[in-house]
Number of protein chains: 2
Amino acid sequence: MSLRHAVLGLLTWQPMTGYELANKFDVSLGNAWHASHSQIYPELGKLEDEGMIEVVARGARNSRTYGVTDAGSEELRRWLVDVEPNRQQRSESGVRSFLAPRLLKPKDSRLALERDLRDIRAQQEMLEEIQRRMDEDPGGSHPFAPAVDLGLRINPVIEGWIRDQLAELADTAD
Amino acid sequence: MSLRHAVLGLLTWQPMTGYELANKFDVSLGNAWHASHSQIYPELGKLEDEGMIEVVARGARNSRTYGVTDAGSEELRRWLVDVEPNRQQRSESGVRSFLAPRLLKPKDSRLALERDLRDIRAQQEMLEEIQRRMDEDPGGSHPFAPAVDLGLRINPVIEGWIRDQLAELADTAD
DNA sequence: GTTGACATGTAACAAGTTACATGATTGA
DNA sequence: TCAATCATGTAACTTGTTACATGTCAAC
């Protein structure tokens, strides 16, 4: 399980409400991890029960801002330093790109690959836009900007791969 | 859900038993997707009920070899061509590498990053070994060699990123 | 006053992991 | 005959998604 560590990580950077956390997962860590509020709130409850986090402020609209306790910091440190990382990179893009040229007729394959190329370009542009906005706001805190960076580095790899597949297809009759 | 499409893809390439499928997920697609036999057998049952696959041979040890039906091929084609791909690249490595230098003391951070570096080098060597074996056996069919290729391309990206973090740390006192 | 963002929650379901369980066949 | 591999299955549990549900507050 790693949701709890992602939550602890984000809260270590800055105390937040569950709502803010859910947004952070999208904008900061979205490229590497996603969680929706229906996962986050129960996890916050468990972490509080276990003494890993605590309410540091209560605000309008019954909001609770959580911060990490010493026990939580220690748990995060332990996970980062002591725990065998899970290196698996589940990638639907990967599966799709591998299957298409091998299993489909050239025409269908071209359709699938071109669509994947469009999608990955769109994602790339979105990431570049986010990066641009971060550059324009040097005062703002963007602790997980590297998640964007990771996306910006990996996407071209996959894009190149898809282009290679398309180039090979170009030599093939339909 | 994409397990069924990965299964259909592997079976399109070559009819197999559930057991062989479970192995293929590790060696062929493991870098992009993993599934264990306890997931695969029920999925095979469902796919058979839906007419996507069928038993094409029965062998020793009560084994059943499954092949893809026309309906299954069509479903795979539909998924590859028509369905909006899920581009999310969940990455625990990503999360770990982002968190370590930002949240830990330099000493702990160095420990965590060095461990991640070791692990990713080990994975890289494993992938290189697999690739070597595939090169030595040009007769064998390796339809998902690109999964290995994807790993071989993405790992250096993450490795470079971790090295950058370590280099920054080198300028910092503990 | 009503729309939209903020804020929290639960229920039902699907997907994925780990552990338990069993039996067949091969090769040493 | 014993260990390893082949081969299949289920149960219990955790994780993750989608949908449903409710209420607060600010701005227009």
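Each chain gets a letter, A, B and so on, in the order its sequence line appears, and its residues count up from 1. All figures in this text were calculated on a predicted structure; none of them were measured in a lab.
- Distance NZ (Lys24(B)) to P (dA7(D)): 13 Å, rounded to an integer number of Å.
- The CZ-P distance, from Arg4(A) to dT14(D), rounds to 12 Å in whole Å.
- Each end of the helix from dG1(C)-dC28(D) to dA28(C)-dT1(D) gets its own axis from five base pairs, and the two axes differ in direction by 20°, given to 10 degrees.
- When all heavy atoms of Leu80(A) and Ala112(B) are compared, the pair lying nearest together is O-CB, 3.4 Å.
- Nucleotide dG16(C) holds its P atom 6 Å from the CG atom of Leu3(B), rounded to whole Å.
- dG9(D) atom C1' lies 15 Å from atom CD of Glu43(B), rounded to whole Å.
- Looking at residues 57-67 of chain A, you'll see Arg61(A), Asn62(A), Ser63(A), Arg64(A) sit with a heavy atom under 4.0 Å from some atom of DNA chain C.
- Applying the salt bridge (charged side-chain N to carboxylate O under 4.0 Å, His left out) rule to pairs touching residues 159-169 of chain A yields Arg121(A)-Glu159(A), Glu159(A)-Arg163(A), Asp164(A)-Arg153(B), sequence neighbours excluded.
- In terms of the side chain to side chain donor-acceptor pair (under 3.5 Å) criterion, Asp119(A) has no residue partners (sequence neighbours excluded).
- By the side chain to side chain donor-acceptor pair (under 3.5 Å) test, Glu129(A) is found to be paired with Arg132(A), Arg133(A), residues two or more places apart in sequence or in another chain being considered.
- Applying the side chain to side chain donor-acceptor pair (under 3.5 Å) criterion to Ser109(B), with sequence neighbours excluded, gives no partner residue.
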Please list every donor-acceptor pair under 3.5 Å in which a side-chain atom of residues 47-56 of chain A meets a protein atom from a residue at least two apart or in another chain.
unit_1   : atom_1 : unit_2  : atom_2 : d
Glu50(A) : OE1    : Arg4(A) : NH1    : 2.9
Glu50(A) : OE1    : Arg4(A) : NH2    : 3.4
Glu50(A) : OE2    : Arg4(A) : NH2    : 3.1

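- As rounded to whole Å, 8 Å separates atom P of dT8(C) from atom CD of Glu20(A).
- In this structure, NE2 of His5(B) is placed 11 Å from P of dA15(C), rounded to the nearest angstrom.
- Close to dT8(C), at under 4.0 Å from its OP1 or OP2, lies a side-chain N or O of Tyr41(A).
- With sequence neighbours excluded, no residue forms a side chain to side chain donor-acceptor pair (under 3.5 Å) with Gln39(B).
- Side-chain atoms of Arg115(B) and Val81(A), non-hydrogen and from C-beta on, never get closer than 4.5 Å to each other.
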task: Would you sort out whether Leu111(A) and Leu104(A) count as a side chain to side chain contact (heavy atoms under 4.5 Å, CB included), showing the intermediate values?
output: CA-CA 10 Å; Leu111(A) 281 174; Leu104(A) 298 182; over 6 Å; no
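- Rounding to whole angstrom units, CG of residue Asn23(A) and C1' of dC6(C) are separated by 9 Å.
- When the P atom of dC13(C) is taken as reference, atom NZ of Lys46(B) falls 14 Å away, rounded to whole Å.
- Legend: salt bridge (charged side-chain N to carboxylate O under 4.0 Å, His left out) pairs involving residues 57-77 of chain B, not counting sequence neighbours, sorted by first then second residue: Asp108(A)-Arg77(B), Glu74(B)-Arg77(B), Glu75(B)-Arg78(B).
- Checking the phosphate oxygens (OP1, OP2) of dC6(C), a side-chain nitrogen or oxygen of Tyr19(A) falls inside 4.0 Å.
- Side-chain proximity of Thr17(B) to dT8(D), dT8(C), dG16(D): nearest is dT8(D).
- Annotation: side chain of Leu99(B) is not in contact with side chain of Thr12(A) (no heavy-atom distance under 4.5 Å).
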If you restrict it to nitrogen or oxygen atoms, what contacts under 3.5 Å exist between nucleotides 17-22 of chain D and the protein, and what is each distance?
unit_1  : atom_1 : unit_2   : atom_2 : d
dT18(D) : O4     : Ser38(A) : OG     : 2.6

